[in-house]
Structures are given as C-alpha cells and as structure tokens.
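First the structure, in the form of structure tokens, and then the observations on it.
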Amino acid sequence: MLKKLQQRWKVSGLRLTFVLATFAIGGSLTGYIGRMLMNIFPINNTWLWIITYLIVIIILWPVMVLLISIPFGQFRFFINYIHKIEIRMGLIKAERGTNKTKASEIRLAIFASGTGSNAQKIIDHFRNNPHIRVVLIVCNKPGAGVLKIADQEKISTLLTEKEKFFRGNANLDELKQYKIDWIILAGFLWKIPDAMIRAFPDKIINIHPALLPNYGGKGMYGPKVHETVLANHEKESGITIHYVDNKYDHGKILLRVKCPVLPDDTADSLAQRVHVLEHTHYPATIEKLVTGRWY
Ligand code: GRF
C-alpha cells in the first residue's frame with residue numbers, strides 16, 4: 001500500500017512520511033478548528049449543522065494542509081495536489097493551453113505514433129512533478145492509440161503530416177508556440193528533419209527496442225527487430241536510449257540495458273520483455289537528463 005502511494009506520487013520513502021504526516025496533522029487540525037468554529041456559532045437544526053460543518057471542513061482542509069506542509073517542506077507537493085483535486089471537481093479547468101508556462105518548468109513533447117505505452121509511462125512518471133511536464137503529443141497517424149491517451153490525459157496533440165513535417169518548417173512554429181524544451185521520441189517512425197535537430201541540439205532522444213548499434217536503422221522497428229534478433233540466435237537483447245541525429249537509430253548512446261533472449265522466445269515474448277525494460281528505464285532516464293543529472 002505504502003509502496004503503491006510512493007510510486008503514484010513519485011516520492012522517496014522519507015518524503016512519503018512527511019506527506020502522510022501532513023495529511024494526518026492537517027486533517028486533525030481541520031476537524032478540531034472546524035468544531036471550534038461550529039461551537040462559536042451554534043446551529044440548532046441538525047441538517048443545517050451537518051451541511052455547514054461540511055462546508056467549513058472543505059474550506060479549512062486545504063488551508064490547514066498547506067500550512068502544515070510548510071514545516072515539512074512539502075508545500076509544492078500539496079499545492080499541486082490541491083490543484084489536481086480542483087481540476088477533478090471541475091472547479092478549475094486543466095491547462096490545455098499552449099503557452100502557459102511556469103518560469104522553472106521543463107516542457108516535453110512526446111513524438112509517438114503507436115499504442116503509446118511508453119508515452120503513458122512518461123506521463124505517469126511526471127504527473128506530480130511540478131518542474132517537468134508533458135505538454136504536447138505529436139503524432140503522424142490518425143487513430144493511433146497514443147492520441148486516445150493524450151485525450152484521456154488532457155494533453156494537447158499535434159497531428160502532423162508529411163508535407164509539413166519534412167518540408168515547410170518541420171512544425172517548428174508549433175513547437176515554439178508550446179515552448180517545448182525537449183523532444184522525446186517513443187515509437188515515432190519518421191526520420192527527424194535536420195531543421196528540427198538544429199533547433200533542438202542534444203535535446204531530442206529516442207528509445208530503441210534492441211541493443212544498438214545492432215538491429216537499428218531504416219525499417220528496423222516493431223516485430224522486425226525482435227524477429228531479426230531471434231533469427232541471429234542472439235543470447236541477449238535489450239533497449240537503447242540515445243540522442244537523435246540525422247541518421248536512423250544512430251546518435252550518441254546514453255543508456256543500454258540488457259535482457260536475456262530465452263530458447264523458446266517468440267518475437268512477441270521477447271518484445272514483452274523489452275517493453276518492461278523500456279517502461280522501467282525511459283521515464284527515469286528522461287528525468288535525469290532534462291534536469292542535468294545525467295553523467
Ligand atoms: C517501443 O518499442 C520503442 O522502443 C520503439 O517504439 C515502440 C513504441 O511502443 N521506438 P509503444 O507505442 O510505446 O508501446
């Protein structure tokens with residue numbers, strides 16, 4: 001249960017203790033002060049008392065947890081938390097706009113055209129991060145699963161087409177409009193145009209479902225990668241996270257993580273094992289990289 005909370009809120013064990021302590025103390029204080037206020041202004045009608053008490057509690061709770069969160073150093077977490085509750089309750093609208101940025105915010109665009117399982121993991125990873133935000137999903141395939149994810153997550157999308165992407169200005173205007181800092185490729189099959197690479201130097205990364213420099217290059221995607229690994233009787237496969245340059249699957253390698261290829265593997269079973277590695281390592285690598293903690 002505690003582990004699940006830790007994963008959901010992306011906090012360390014110690015931080016989780018502070019967060020839970022804030023909830024507990026803030027909650028108790030809310031009840032205590034709420035009852036004190038009700039005693040100062042007595043109401044005789046039971047229903048009216050209950051309704052008034054609930055309203056008092058709803059107003060007091062955020063104030064109390066925010067106050068208590070300060071000495072615990074968790075003010076940002078709770079501001080964020082309360083903001084999300086307000087969005088869920090429909091009290092305020094989720095920011096879906098293009099250029100509302102906080103000064104210190106790092107803004108990510110995910111380029112994906114498949115089911116988007118990696119995109120989902122990245123979105124989940126940064127959900128409660130006040131400094132890093134997925135603000136745009138760029139896709140070249142109408143109906144792709146990743147667009148549904150974007151819709152559920154209320155993240156803006158840009159459906160690009162060949163003409164605009166490869167000629168024109170490679171969608172740079174839109175990326176500028178969304179104030180994108182980093183481009184994260186997660187199953188985007190088109191080659192990234194030179195203009196975009198020049199505009200985002202060392203700010204575009206990709207994940208490949210094999211151990212580069214082997215099993216990469218044009219046409220090496222999806223089941224084909226795993227089928228070729230199996231056909232060559234490799235004992236190991238894995239993932240590679242790398243910078244993007246003007247050749248397919250070629251830029252400087254940041255991380256390679258291996259997994260075994262088992263004797264009875266099919267392309268499907270190997271793909272699943274590799275996917276688990278991707279989901280585990282890609283979000284954390286992105287976080288380290290964009291915050292300058294990657295060496
Ligand atoms: C992943 O296997 C990734 O390595 C490759 O494209 C695939 C995308 O999968 N670049 P998903 O759409 O994130 O499930």
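Both counts, for ligands and for their atoms, begin at 1 and track the order of listing. Computed from a predicted model, the values in this text were never measured in an experiment.
Put simply, no part of K121 is less than 4.0 Å from ligand 1, judged by heavy atoms. Look at A112 and you'll find every heavy atom at least 4.0 Å from all atoms of ligand 1.
A continuous path of ILVMFWY side-chain contacts below 4.5 Å connects W61 to L66, so both sit in one hydrophobic cluster.
We find that E174 and K164 are joined by a salt bridge, their nearest charged nitrogen and carboxylate oxygen being less than 4.0 Å apart. With respect to the salt-bridge test (charged N to carboxylate O, under 4.0 angstrom), the residues K121 and E278 do not qualify.
Residue contact check: H275 has heavy atoms under 4.0 Å from atoms 9 (O), 11 (P), 14 (O) of ligand 1. In the vicinity of S117, heavy-atom distances shorter than 4.0 Å reach the ligand 1 atoms 11 (P), 12 (O), 13 (O), 14 (O). Every atom of ligand 1 is numbered from 1 in the order shown, and the set under 4.0 Å from a heavy atom of E278 is 1 (C), 2 (O), 3 (C), 4 (O).
For the residue pair Q120 / D124, a side-chain donor-acceptor distance below 3.5 Å is found, with atom types taken as modelled. Side chain to side chain, H131 and E105 fail the donor-acceptor criterion of an N or O pair below 3.5 Å.
Protein heavy atom at the shortest distance from atom 12 (O) of ligand 1 is G116 N, 2.8 Å. In terms of protein heavy atoms, atom 7 (C) of ligand 1 is closest to G187 CA, 4.1 Å. For atom 5 (C) of ligand 1, the closest non-hydrogen atom of the protein is I207 O, 3.8 Å.
Looking at K191, its side chain does come within 3.5 Å of a backbone N or O of N246 through a donor-acceptor pair.
Geometrically, ligand 1 and A119 share no nitrogen or oxygen pair separated by less than 3.5 Å.
Here Y221 is tied into one hydrophobic group with L189, each link being a pair of ILVMFWY side chains closer than 4.5 Å.
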